Novice: 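Just dropping this structure here.
Order of the sequence lines sets the chain letters (A, B, ...), proteins ahead of strands, with each chain counted from 1. What you are looking at is a predicted structure, and each value in this text was computed from that prediction instead of being measured.
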Amino acid sequence: MKYVDEFRDAGIISGVAREIARTAKPSRLYRIMEVCGGHTHSIYRHGLRDVLPANIELVHGPGCPVCVLPTGRVDDGLAIAARENVILTCFGDMMRVPGTKGTPLELKARGADIRMVYSPLDALRIAASNPEKHVCFFAIGFETTAPSTALTILRAQELGVNNFSVFCNHVTIVPAMRAILDSPDMRIDGFVGPGHVSSITGCRPYEFIARDYGKPVVVSGFEPLDILESILLILRQLDAGEARVENQYKRIVPWEGNPPALMALARVFELRPYFEWRGLGFISQSALSIKPDFAGFDAEKLFNVPGVRVTDPRGAQCGEVLKGVLKPPQCKLFGTECNPEHPVGALMVSSEGACAAYYRYAMHASAVEA
Amino acid sequence: MCLAIPGQIVEIAEKEPLARVNVGGVTRNVNVGLLDDGAVAPGDWILIHVGFALSKIDEGQAHDQLRMLRAMGEDGLAIEEVRGYRFAEPSQ
Ligand code: SF4
């Protein structure tokens, strides 16, 4: 398999950038939110900020799974890991997210049995081969990831693996977008809609944003050209006084989503009445819990987790950055106390986190050869 | 973790919803239970996320996606992730 290193589309990209500059009215300011952390990463990596006119502001959205997980839930997961005979499993990004008493990685170094997995099915396999232990999977992620957890729970039931559970922190993107639209300190003119989340959910769930809030949503791919095209489509809608949901990422996203994945979600999960998001606070019906039919696999039913609400460490402004009110370097800890080697906040952990992306690329502009 | 990794199907398992895929020379089994029954066959390309096929794609899209992972400096991580899928490998 061959990787092609150079940018195929350099010429087309400057064409789209020129078209954006022509379409954007110099008399107004455009605030466009890219919802998904993958887009945030791509925007910084490719220096897309630099090819946009100054009156287009890109606001980073909440679509980064580890970033929106509140510290209290990290603590809850680590409380499960601290129990006798428990193996806690989680994705690599999660290993470095700070809880009140440290990150999963640090707790592991102090003796807790915490293991990184690349798939929830690997957590299930660890359970099957360690019948004398209880294996809990710390599940995070949006609709892209939740169907995989659902199928894993169904598989555990089918195989009769009874020493396996899921600490479910799956969240859904649309209620967070609604919360942002309802928030008085946020003025967003349009959304670059999530790519892979939409491959599961389809485009319909965003229709209310166009209909009720009058804002364009363009579901977008992750390449620089995709993102610029999506921004142009948003500008064209705004220019024409329209608000619609458009699908720029048709090659991956079917308008109706992925029916088998949606069925798996509906079988295993139900909506929580409310869930806490870092920065955004409690949002109603914004997260998934495991249905009572599968209570035997629900870590929250099996273990008494503390469930304590914890504020961010002193000086950390993750919430403001997540809401798009502050840019990463405006946080008092950015680049000093908080850096990718020693993340104070979750936004510095994952490559999808705005602070990590900014630190890696925007601070070292020479590293961006795009 | 929102990486979606392109891979080419080498073989489809008979009893379970599993497909053996090749990602940059690494072969592993991934779960195809999120795709419609019979949606994929050997030679097809899929996008993989946390051990599951998310969608079927064509070869051109697979190469685009690879190029993008490369451009984002995430191609090494992608291979590492696929290498880490152990759930349907014979135990060592
Ligand atoms: S720099 Fe660190 S503490 Fe500040 S907002 Fe970013 S992640 Fe949070």
Novice: Quick one: does Q65(B)'s side chain get under 4.5 Å of R251(A)'s, heavy atoms only?
Specialist: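 Side chain of Q65(B) against side chain of R251(A), heavy atoms only: no contact under 4.5 Å found.
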Novice: Would you give the length of the straight line joining atom CZ of F222(A) to atom CG of L69(B), rounded to the nearest 0.5 angstrom?
Specialist: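 Those atoms lie 10.5 Å apart.
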Novice: Applying disulfide bond (SG atoms under 2.5 Å apart), can you list everything that pairs with C67(A), at least two apart in sequence or on another chain?
Specialist: C64(A)
Novice: Checking A88(B) against chain A: side chain, backbone, both or neither under 4.5 Å from a heavy atom?
Specialist: backbone
Novice: So do L151(A) and L34(B) actually touch side chain to side chain, heavy atoms under 4.5 Å?
Specialist: yes
Novice: Using side-chain heavy atoms (C-beta onward) and a distance below 4.5 Å, is M72(B) in contact with H46(A)?
Specialist: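 Yes, side chains in contact.
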Novice: If you compare all heavy atoms of D122(A) against all heavy atoms of G84(B), which two are closest, and at what distance to 0.1 Å?
Specialist: OD2-O, 3.3 Å
Novice: Is E16(B) in contact with chain A via its backbone, its side chain, both, or neither, using a 4.5 Å heavy-atom distance?
Specialist: side chain
Novice: Which bit of N31(B) comes within less than 4.5 Å of chain A, counting heavy atoms only: side chain, backbone, both or neither?
Specialist: side chain
Novice: Answer with side chain, backbone, both or neither: which region of I57(B) has an atom nearer than 4.5 Å to a non-hydrogen atom of chain A?
Specialist: side chain
Novice: Which residue out of A150(A), A261(A), S148(A) racks up the most heavy-atom pairs below 4.5 Å with chain B?
Specialist: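 Heavy-atom pair counts peak at S148(A).
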Novice: So do H196(A) and L47(B) actually touch side chain to side chain, heavy atoms under 4.5 Å?
Specialist: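 Yes, at least one pair of side-chain atoms sits under 4.5 Å.
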Novice: Over all heavy atoms of both residues, which pair between P260(A) and G33(B) is shortest? Give the atoms and the distance, please.
Specialist: CB-O, 4.4 Å
Novice: Working to the nearest 0.5 angstrom, can you tell me the gap between E74(B) CD and R45(A) CZ?
Specialist: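 The distance works out to 10.0 Å.
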Novice: Is there a side-chain contact between F52(B) and L121(A), using heavy atoms and a 4.5 Å cut-off?
Specialist: yes
Novice: So for N258(A), is it side chain, backbone, both, or neither that comes closer than 4.5 Å to the heavy atoms of chain B?
Specialist: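 Only the side chain of N258(A) comes within 4.5 Å of chain B.
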Novice: Okay, side chain of R125(A), backbone of R86(B): is any donor-acceptor separation there less than 3.5 Å?
Specialist: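 Yes; judged by distance alone, with no hydrogens or angles, the pair exists.
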Novice: Compare all side-chain heavy atoms of T145(A) with those of H49(B) and state whether any distance is below 4.5 angstrom.
Specialist: yes
Novice: Is it the side chain or the backbone of L154(A) that comes within 4.5 Å of chain B heavy atoms, both, or neither?
Specialist: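 It is neither, since no heavy atom gets under 4.5 Å.
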Novice: side-chain hydrogen bond (donor to acceptor under 3.5 Å, both in side chains) with E143(A): which residues, sequence neighbours excluded?
Specialist: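 Checked E143(A) against side-chain hydrogen bond (donor to acceptor under 3.5 Å, both in side chains); zero matches.
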